[in-house]
Amino acid sequence: MIDARPALFRRMGAAFEKTFGNVDAVFTIAGIGRPPVRGILRKWREIDLAEELGQAVEGTTHLLSVSAESVAGLMSQRDSVIIHELDRNGVRTGVNAAFEIRDNSDDGRAMVRIHLSGDI
């Protein structure tokens, strides 16, 4: 039987979180609150042209990456997460926001990529 996530990648997830993590993420999975995990949050703004109106539309994309081992059982559009921003020393700044999980992708590597709905 082929292992869906090789041991090498399982160990790398925690190392990525520790090194590059810029948020604490508190997941609610299947209605059950989970302990906080370190994550990597990326956000970027995009401007596109709405074809029907010929008007510029701006949107923000939020992508959260966490170790796959931290979010076992995660499902899109059922679960949610509260993001706590961290300062450069890894201490919570007091800024937080709640998001619904729009989509997630797991390609069997170290991190699961989670697309969030909402805006900080």
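Predicted model only: the values in this text are computed from it and were never measured.
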Practice task
Taking side-chain contact (heavy atoms from CB on, under 4.5 Å) as the test, write out the residues that go with T28, two or more places apart.
Solution key: S80
Practice task
Could you pull out all residues at least two apart from T93 that satisfy side-chain contact (heavy atoms from CB on, under 4.5 Å)?
Solution key: E85, D87, V95
Shortest non-hydrogen contact between [X] and [Y], atoms and distance:
| X | Y | result |
| --- | --- | --- |
| F16 | I40 | O-CD1, 4.0 Å |
| G39 | V66 | CA-CG1, 3.9 Å |
| I29 | G73 | CG2-O, 3.5 Å |
| R42 | S65 | NH1-OG, 3.5 Å |

Problem - Residues that, via side-chain heavy atoms closer than 4.5 angstrom, fall in one hydrophobic cluster with W44 - result: L63
Handout entry: Main-chain N/O of S67 paired to E17 side chain as donor or acceptor, under 3.5 Å
Key = yes
Exercise for the section: Name all residues meeting the salt bridge (Lys or Arg N to Asp or Glu O under 4.0 Å) criterion together with R34; count only those two or more places apart in sequence or in a different chain, and write none if there are none. Expected result: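 For R34 there are no salt bridge (Lys or Arg N to Asp or Glu O under 4.0 Å) partners, ignoring immediate neighbours.
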Problem - Residues which pass salt bridge (Lys or Arg N to Asp or Glu O under 4.0 Å) with R102, listed by chain and number, not counting sequence neighbours - result: none
Practice task
List for me each residue that meets side-chain hydrogen bond (donor to acceptor under 3.5 Å, both in side chains) alongside R113, sequence neighbours excluded, and say none if there are none.
Solution key: none
Exercise for the section: Can you run down the salt bridge (Lys or Arg N to Asp or Glu O under 4.0 Å) pairs that involve residues 90-99, sequence neighbours left out, and say none if there aren't any? Expected result: D24-R92
Exercise for the section: Write out all pairs satisfying salt bridge (Lys or Arg N to Asp or Glu O under 4.0 Å) with one or both partners inside residues 70-81, taking only residues at least two apart or from two chains. Expected result: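 Passing the test, one end in residues 70-81: no pairs.
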